[in-house]
Amino acid sequence: MAYDFRAIEPKWQKKWEEAGSFHVETDDGRPKYYCLEMFPYPSGALHMGHLRNYSIGDLTARFLRMNGYNVMYPMGFDSFGMPAENAAIKMKTHPAVWTTKNIGHMIDQLKSMGCSYDWRRIVKTFQPDYYRWNQWFFLQMLERGLAYRKHAPVNWCETCGTVLANEQVIGDGVCWRCGVPVVKRGLDQWFLRITDYADELLEYLDKLTGWPERVLTMQRNWIGRSEGVRFNIEIADTDISLEAFTTRIDTIFGITFVAIAAEHPIVNVLASRSGEAKREEILDFAARMSQRSAIERTAAGGDKMGMDTGFEAINPVNGAHVPVWIADYILMDYGTGAIMGVPAHDQRDFDFVRKFGLGVIPVVRREGEPIPDPDRMTEAAESDGVSCNSGEFDGLRTPVAIERIGKRFEEKGWGKRETQYRLRDWLISRQRYWGTPIPVVYCDKCGIVPLSEKDLPVELPLDAKIPENGGNALLGCPDWINTTCPKCGGPAKRETDTMDTFICSSWYFFRYLSPGSDGAPFRREDAEYWMPADLYIGGIEHACLHLIYARFFTKMISDLGLIPHDMREPFTGLLTQGMVIKDGAKMSKSLGNVVDPDEIIKKYGADTARLFILFASPPDRSLDWSDKGVEGANRFLNRVFRLAYDRSGQLRDAGKKRIPMGGLASDSQRGLKRLIHSTIDRVTRDIRDERQLNTAVARLMELCNGLVTYNAQDATDWALFREGVESLLLCLSPFCPHVCEELWETIGGDGILASASWPKAEGDALKVDRVSVVLQINGKLREQFEMPPGLDKDELVSRVMEREATKARVEGKEIIKVIAVPDKLVNIVVK
RNA sequence: GCCGAGGUGGCGGAAUGGUAGACGCAGCGGACUCAAAAUCCGCCGGGAUCAAACCUGUGGGGGUUCGAGUCCCCCCCUCGGCACCA
């Protein structure tokens with residue numbers, strides 16, 4: 001007989017809702033816990049990744065609630081973005097209609113999973129009462145110079161019809177959403193000065209001890225800090241100079257050329273001062289280079305392109321003249337777009353001079369070795385050593401030389417030491433309709449004019465018609481675009497770009513805390529109580545996107561004074577769940593290996609789906625989907641159901657009195673008592689300390705097996721049995737809440753499990769009567785036998801040595817050493 | 001190239017330096033049944049054997065240790081991130 005989850009699951013979902021079991025308020029009497037999950041995009045239906053994410057989160061929330069925590073566990077929808085526009089075109093509807101419908105369906109799905117959210121706190125980012133605060137934050141940043149507009153070469157995705165932030169260009173230079181290669185375009189765009197926080201974003205990674213190492217590493221790579229010297233290089237016989245950046249100022253005497261990026265503004269200056277033929281040549285080469293995509297540049301396999309401009313640069317330290325080249329391996333958007341070429345100590349420069357026949361001057365040698373012969377070098381010597389060919393700096397070890405020469409540059413006014421980051425400012429303009437309008441207008445007289453706070457929200461015109469060709473629908477809304485300038489009252493046009501949707505997800509976790517707050521994005525006292533989130537659960541794909549943006553926003557919000565100044569990080573703990581795999585590959589529509597969570601819930605129930613997911617592998621590792629495994633999980637729940645249901649009469653009659661270990665006489669009773677309490681102990685530690693949910697389930701299966709085979713006879717047996725079933729239901733309830741509630745009710749448990757207390761293991765019941773001891777000879781396992789626990793080493797050894805079997809094994813051999821580990825083993829070393 | 005995670009039965013996965021393979025899936029044998037399903041019981045890394053003792057086994061090679069899946073060194077493979085970053 002299989003239990004009727006179709007009746008049980010909705011029954012308990014309704015009961016929880018009616019009882020308001022998961023409503024939560026600020027409460028200083030209990031310790032708080034903020035359990036946060038990455039909110040979904042309302043694509044239409046939950047996928048298996050969501051099911052995994054939210055099964056882990058719901059288990060955590062329920063477990064901590066039972067352990068006396070005041071648990072914040074909210075949910076929302078990240079509801080702006082491209083798919084809604086595409087769907088609107090395809091289905092001939094409006095993004096708002098499509099999004100609203102999807103949210104409705106997904107809420108139903110989340111409820112059918114049995115998730116214990118406080119639904120009163122739902123956040124939907126496409127609603128004006130939410131996105132007005134995006135606009136508000138933008139104005140705050142604009143006022144402080146943290147938001148700015150500039151013309152820059154930016155990443156453009158043809159298929160999405162919009163620009164992208166650097167973080168949204170992934171892999172070999174493709175769009176994070178559609179996978180199509182991006183191209184560079186020069187456009188006026190809005191940026192957020194995230195680089196102002198680069199240092200802190202990097203430094204605070206060390207404080208995020210609750211984050212997985214790989215995410216910290218990914219962020220460190222992404223932010224990419226390097227210390228060096230920025231200095232001036234004069235161009236000979238001109239009044240022109242250019243800036244270069246280097247981390248190896250100690251190699252400055254080794255410059256044999258200077259290289260600049262094709263996009264460097266100085267290219268045009270140099271061209272204009274060249275003869276006509278050379279001018280053409282320079283401009284043509286620069287144009288060809290800058291048109292090449294990132295993929296072409298890197299796919300060349302390191303084969304470098306370059307061209308001599310005919311100009312010479314002067315080395316500031318020794319006045320040496322070296323040629324100035326344009327080179328394709330110099331990037332305009334890192335450092336200064338110009339480098340000092342030191343082929344002896346930089347592999348890229350080395351490859352370059354070997355191709356173009358320029359000189360090599362070694363200025364660092366290995367300690368105790370002579371200066372290498374430049375003609376015989378086969379690669380650049382990039383490691384540290386001792387300076388040479390460097391005048392007064394000869395003989396200094398590399399770190400010392402870097403320090404001394406850097407200092408000298410600052411004294412002489414040639415340059416200054418500074419830190420460079422790989423991180424770029426966050427480009428937030430999107431040429432899309434379905435996003436937060438940027439609250440500025442363009443006035444012919446006053447230029448760019450920000451709106452004032454009282455004009456917010458600037459609402460998206462909902463009557464916009466989404467163009468079939470995928471363009472920005474706002475461009476077709478003249479009534480919306482044409483407005484008046486708040487400064488001069490004259491005619492002005494609204495900004496038609498909208499904000500990157502990642503703005504929405506950068507602070508939504510603050511909004512949950514103060515639903516409906518309309519004087520501020522959230523109430524300070526709510527944030528002070530709940531933040532930072534104790535655990536944030538979601539996919540690793542956001543390591544360098546959302547998780548950096550949210551950290552940046554939190555620091556910015558702290559600097560705005562909306563939260564305390566020492567509250568600098570949003571997420572104390574981070575759990576990056578692994579992917580869901582089927583047939584050896586990540587579940588995806590394009591591979592056709594998806595399993596629909598709805599179907600699993602319909603066929604086996606939410607409890608089974610959750611149990612399988614939590615049991616099949618630890619949360620942070622990938623999970624192999626197995627239909628057979630799901631059946632196994634279902635089989636287990638049926639077993640639990642029968643265990644309690646088939647004996648419900650005896651269980652109800654058994655009463656709730658607990659008999660301590662000391663009151664139990666028989667071995668089987670003591671054994672069962674021990675099993676119950678060691679299970680509680682293990683399961684508690686697995687969940688709380690290790691987040692090893694799979695082994696916690698395994699322990700509960702063992703308890704169930706122990707109970708199933710227990711042959712209860714008298715009243716004591718039944719009281720003990722009831723204790724076992726109660727413990728099983730309590731511990732299993734965060735995993736499979738519905739069936740546990742049902743059985744709890746069936747056996748006449750007090751109240752409902754959703755608000756029950758987590759069981760405590762009794763210390764006496766964890767002690768054992770006998771231990772299994774192993775005999776090893778030379779470290780190899782030979783025998784095992786039982787002994788009373790707690791024997792000291794000598795006692796254990798003498799008892800083992802007395803055994804005839806032991807004597808037989810060591811007979812005729814010389815005993816060199818005997819090692820004893822109490823309650824574990826005796827190892828006899830013989831010759 | 002740099003950084004990170006990982007490599008254990010047929011499969012998913014367990015093992016504070018101390019009995020490798022918990023728990024589950026699959027498989028095999030049996031009970032129940034007219035039969036099947038469900039359920040229950042037993043077996044289940046490999047080798048050898050009537051059986052037991054035994055030998056062997058955690059990607060490969062060394063090392064530390066009475067004892068290594070676990071610690072150290074070298075190497076191989078898989079996955080993920082970054083990458084002409086000056």
Side-chain angles (χ1 to χ4, degrees), chain A residues 1-2 170-172 212-222 224-226 228-230 244-248 251 259 261 294 297-298 300-304 327-331 333-342 345-349 351-352 420-423 540-541 543-544 576 578-579 581 611-612 615-618 620-633 635-636 638-639 642 682 692 694-702 704-705 708-709 772-784 809 816-821 823-830:
Chain A
M1 182 198 67
I170 56 167
D172 297 329
E213 196 53 47
R214 57 178 175 158
V215 176
L216 298 175
T217 306
M218 284 164 76
Q219 292 210 358
R220 281 191 193 103
N221 283 342
W222 187 260
R225 178 193 157 101
S226 52
V229 177
R230 175 196 282 259
F245 177 79
T246 180
T247 53
R248 289 296 303 274
T251 62
R297 281 188 171 199
T298 49
D303 187 31
K304 297 178 172 43
D328 69 334
Y329 73 100
I330 309 305
L331 310 172
D333 57 4
Y334 186 78
T336 60
I339 59 123
M340 58 178 213
V342 183
H345 306 291
D346 182 291
Q347 190 59 42
R348 295 155 301 172
D349 297 347
D351 295 341
F352 191 73
Q420 280 282 339
Y421 296 92
R422 213 191 66 95
L423 183 73
I540 190 145
E541 65 273 16
C544 291
T576 49
M579 297 184 294
I581 304 281
L611 185 72
F612 167 72
F615 177 57
S617 103
D620 56 346
R621 283 215 242 156
S622 61
L623 181 153
D624 257 37
W625 186 265
S626 152
D627 292 332
K628 290 289 186 188
V630 177
E631 281 174 29
R635 206 147 42 220
F636 168 67
N638 276 314
R639 205 166 144 88
R642 285 193 306 271
R682 261 303 293 270
Q692 283 262 72
N694 54 332
T695 53
V697 174
R699 300 284 90 89
L700 292 171
M701 287 171 166
E702 283 174 317
C704 179
N705 291 343
V708 165
T709 51
S772 165
V773 172
V774 175
L775 173 65
Q776 295 181 343
I777 305 286
N778 291 341
K780 289 201 178 197
L781 173 72
R782 285 300 173 236
E783 279 182 71
Q784 76 178 74
R809 284 183 185 280
I816 295 173
K817 201 172 178 182
V818 179
I819 289 114
V821 180
D823 295 347
K824 277 259 166 64
L825 61 84
V826 171
N827 183 15
I828 305 172
V829 186
V830 298

- prompt: Would one find a side-chain N or O of R422(A) under 4.0 angstrom from OP1 or OP2 of A83(B)?
  reply: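 The answer is yes; a side-chain N or O of R422(A) sits under 4.0 Å from OP1 or OP2.
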- prompt: Would one find a side-chain N or O of Q347(A) under 4.0 angstrom from OP1 or OP2 of A86(B)?
  reply: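 For A86(B), OP1/OP2 do not have a side-chain N/O of Q347(A) under 4.0 Å.
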The side chain of [X] lies closest to which of these nucleotides: [options]?
{"X": "R809(A)", "options": "C54(B), C23(B), C85(B)", "result": "C54(B)"}
{"X": "K780(A)", "options": "A22(B), U56(B), G12(B)", "result": "U56(B)"}
{"X": "N221(A)", "options": "A22(B), C82(B), C84(B)", "result": "C82(B)"}
{"X": "L331(A)", "options": "U19(B), C85(B), G12(B)", "result": "C85(B)"}
{"X": "S617(A)", "options": "A86(B), G24(B), G13(B)", "result": "G13(B)"}
{"X": "K824(A)", "options": "U16(B), U19(B), G12(B)", "result": "U16(B)"}

Report, one pair per line, the protein and nucleotides 4-10 of chain B atoms (nitrogen or oxygen only) whose separation is under 3.5 Å.
none

field: P spacing across the pair A37(B) / G29(B), given as an integer number of angstrom
entry: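 Rounded to whole Å, the distance is 13 Å.
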query: If the C1' atom of A48(B) is compared with that of G57(B), how far apart are they to the nearest Å?
result: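 Comparing C1' positions in A48(B) and G57(B) gives a spacing of 15 Å.
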field: Nucleotide-level pairing of RNA chain B, given in dot-bracket where Watson-Crick and G-U pairs need both distances under 3.5 Å and | marks other strands
entry: (((((((..(((.....[....))).(((((.......))))).(((......)))..(((((..]....))))))))))))....
query: Cation over ring, K304(A) on F352(A), under 6.0 Å and within 45°?
result: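 Ring-cation test returns no.
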By side-chain hydrogen bond (donor to acceptor under 3.5 Å, both in side chains), which residues pair with [X], not counting sequence neighbours?
{"X": "Q219(A)", "answer": "R551(A)"}
{"X": "Y334(A)", "answer": "S226(A)"}
{"X": "Q692(A)", "answer": "none"}

What's the spacing between [X] [atom1] and [Y] [atom2] if we round to 0.5 Å?
{"X": "F245(A)", "Y": "I339(A)", "atom1": "CZ", "atom2": "CD1", "answer": "12.5 Å"}
{"X": "I581(A)", "Y": "R621(A)", "atom1": "CD1", "atom2": "CZ", "answer": "12.5 Å"}
{"X": "Q420(A)", "Y": "T336(A)", "atom1": "CD", "atom2": "OG1", "answer": "7.5 Å"}

Could you list the residues that satisfy salt bridge (Lys or Arg N to Asp or Glu O under 4.0 Å) with [X], not counting sequence neighbours?
{"X": "D346(A)", "answer": "R348(A)"}
{"X": "E541(A)", "answer": "none"}
{"X": "R782(A)", "answer": "none"}

Distances under 3.5 Å between protein N/O atoms and the N/O atoms of nucleotides 64-67 of chain B, please, pair by pair.
unit_1, atom_1, unit_2, atom_2, d
C66(B), OP1, K817(A), NZ, 3.1
C66(B), O2', N827(A), ND2, 3.3
C66(B), O2, N827(A), ND2, 2.5

message: Among residues at least two apart in sequence or on other chains, which ones pass ring-ring contact (aromatic ring centres under 6.0 Å, His included) with W625(A)?
response: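 Residues passing ring-ring contact (aromatic ring centres under 6.0 Å, His included) with W625(A): F612(A).
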message: Test: salt bridge (Lys or Arg N to Asp or Glu O under 4.0 Å). Region: residues 213-222 of chain A. Which pairs qualify, not counting sequence neighbours?
response: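 Listed once each, the pairs are D206(A)-R220(A), E213(A)-R220(A).
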Could you write out each protein N or O paired with an N or O of nucleotides 39-49 of chain B at a distance under 3.5 Å?
unit_1, atom_1, unit_2, atom_2, d
C40(B), OP1, R639(A), NH1, 2.5

message: Go nucleotide by nucleotide along RNA chain B from the 5' end; which of G224(A) and A698(A) gets its closest nucleotide reached first?
response: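 First, find each residue's nearest nucleotide; the 5'-ward one identifies A698(A).
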query: Would you call G62(B) syn or anti, using the 90° rule around 0?
result: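 The base of G62(B) is oriented anti (glycosidic angle more than 90° from 0).
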query: How long is the line joining CH2 of W625(A) and C1' of C25(B), in whole Å?
result: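 So the CH2-C1' distance, W625(A) to C25(B), works out to 14 Å.
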